[in-house]
Amino acid sequence: MQTLNLAGGCLFVNVQASSYAVGAAQGIFADSQKQKQLLAVLSPRNSTIEFPNAASTADADIAFVIPLAARDEEVGVLFLSQKVSRQSFSSDDIYLLQGLASAAASGMRSAMLVRDVSVRDTFVSIASHELRSPLTAIMGYADLLLHRNPPDATRKRWLENIIDSGQRITDLVRDLLDVSRIHAGKVVMKLERVKLCDVLDEQMTIVREYSDNHTFVLEVAPDVPDALIDRDKFGQAIGNLLSNAVKYSPCGGRVILSARHDSQRHRVVVSVSDQGIGISRADRDSLFTTFHRIQRPETKGIRGIGLGLYTVREWIEAMGGEVWLKSELNKGSVFSVAVPAYGTVATAKKLHAVQRTR
Ligand code: ADP
């Protein structure tokens with residue numbers, strides 16, 4: 001699902017097979033109660049909706065619900081909030097809205113088509129390219145094992161290489177499947193009450209295995225509450241940030257995984273910091289998009305396909321959370337994610353809004 005949050009409280013909601021979903025924590029619709037009302041406006045709706053449809057009966061803050069149709073295909077819906085001044089919309093405003101809706105519809109349709117084609121092509125080329133080298137390694141070592149009779153130590157090394165290559169293929173297929181599920185809107189979030197220190201501990205234990213070159217520190221503040229998250233996906237997201245912290249600090253250093261309570265916003269903030277190569281300001285914008293890898297002499301030879309951060313952000317946002325980054329070139333980076341704390345009124349409502357098929 002794609003949502004575009006415009007200043008003034010507009011929201012595009014993508015349509016999938018006649019079903020609608022509203023992004024969590026988006027602008028004026030961050031209020032989960034309001035999200036429910038929006039979905040209620042949409043569900044009984046049929047395609048003969050008048051344009052623009054006055055929706056203020058559903059919620060006083062919403063002025064219009066406007067279907068976005070291009071070539072008879074409904075590609076989205078535009079919600080429009082009331083004017084800040086609360087004045088009614090003039091005929092000029094409506095005229096402008098009609099033009100905007102029609103331009104937005106064809107723009108969205110083209111963007112969706114271009115994205116589908118280019119993502120599919122990129123998928124195929126990256127998958128085949130990245131699969132080739134571990135598959136060649138597996139075939140090569142298996143062939144050697146079959147036809148030679150090496151000493152035990154060599155046999156062990158060859159078998160370890162086969163396992164390592166098999167793991168790379170498994171990871172690659174998992175990453176591609178995760179992204180294709182996100183694109184198809186088929187991610188299911190199983191939100192539940194989770195004790196964060198258990199998940200962080202598990203991920204720390206895994207990442208310690210990756211490197212003898214780094215010092216790993218886990219800092220969980222004593223007042224960190226339980227969180228309302230999808231345990232597996234959250235664990236995978238933190239694991240991803242930790243493995244990046246190791247990968248992109250090839251000279252070693254400290255990797256700190258920390259958790260604190262943001263009591264004002266009823267959420268838990270988890271951060272992963274490293275003392276690695278850092279990320280320049282210019283490179284940050286496209287960091288969370290698919291297949292994006294920063295090309296620098298320092299990243300040469302570091303394995304990856306540029307799907308990790310994209311998946312992290314999609315999942316964390318689907319849990320009602322947020323991801324951000326602070327970094328200084330050649331000094332290190334801190335990636336932070338905030339997720340809802342369990343037990344607040346806000347998160348209890350959010351559970352209803354987010355627990356859905358995306
Ligand atoms: P991958 O690591 O597979 O390339 P990611 O989506 O996880 O894909 O990361 C995208 C890019 O962001 C990486 O290629 C790298 O250039 C940059 N990056 C991610 N994490 C860090 C980090 N901790 N320090 C420096 N650069 C990073």
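For ligands, and for the atoms within them, numbers begin at 1 and follow the listed sequence. Just so you know, residue 1 is the first one in the sequence shown, and it goes up from there.
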State plainly whether the residues [X] and [Y] are in salt-bridge range, i.e. N to O under 4.0 Å.
X: Asp226; Y: Arg193; value: yes
X: Arg155; Y: Glu160; value: no
X: Asp178; Y: Arg181; value: yes

Taking atom types as modelled, find out whether [X] and [Y] have a side-chain donor-acceptor pair closer than 3.5 angstrom.
X: Thr289; Y: His292; value: no
X: Asn240; Y: Gln236; value: no
X: Ser327; Y: Arg281; value: no

Can you tell which part of [X] has a heavy atom less than 4.0 Å from ligand 1: side chain, backbone, both or neither?
X: Lys247; answer: side chain
X: Ile294; answer: both
X: Ile302; answer: neither

I need the nearest protein heavy-atom contact for [atom]: residue, atom name and distance, please.
atom: atom 11 (C) of ligand 1; result: His292 O, 3.8 Å
atom: atom 2 (O) of ligand 1; result: Tyr248 OH, 2.7 Å
atom: atom 12 (O) of ligand 1; result: Leu287 CD1, 3.3 Å
atom: atom 19 (C) of ligand 1; result: Asn244 ND2, 3.6 Å
atom: atom 23 (N) of ligand 1; result: Asp274 OD2, 2.9 Å

Does one hydrophobic cluster hold both Val224 and Ile256, with members joined at side-chain heavy-atom distances below 4.5 Å? no
For [X], take its heavy atoms, then give the atoms of ligand 1 lying under 4.0 Å from any of them.
X: Leu309; value: 5 (P), 6 (O), 7 (O), 9 (O), 10 (C), 12 (O), 19 (C)
X: Arg293; value: 1 (P), 4 (O), 14 (O)
X: Leu307; value: 6 (O), 8 (O)

Does ligand 1 have any atom that is closer than 4.0 Å to a heavy atom of Phe288?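 So Phe288 does not count as touching ligand 1.
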At a 4.0 Å cut-off, with the gap strictly under it, does some heavy atom of Ser333 reach an atom of ligand 1? yes
More than 12 non-hydrogen atoms from neighbouring residues, nucleotides or ligands closer than 6.0 Å to CZ on Arg254, yes or no? no
More than 12 heavy atoms of other groups within 6.0 Å of Asp143 CG: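 Yes, enclosed.
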Ligand 1 N/O within reach of [X] N/O, cut-off under 3.5 Å:
X: Gly306; answer: yes
X: Ile277; answer: no
X: Gly304; answer: no
X: Phe335; answer: no

Taking only residues two or more places apart in sequence or in another chain, which ones pass side-chain contact (heavy atoms from CB on, under 4.5 Å) with Leu218?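 Only Leu200, Asp201, Met204, Val220, Leu257 meet the side-chain contact (heavy atoms from CB on, under 4.5 Å) criterion with Leu218.
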Who else is in Tyr248's hydrophobic cluster (ILVMFWY, side-chain heavy atoms under 4.5 Å, direct or via others)?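 Members besides Tyr248, by chain and number: Ile277, Ile302.
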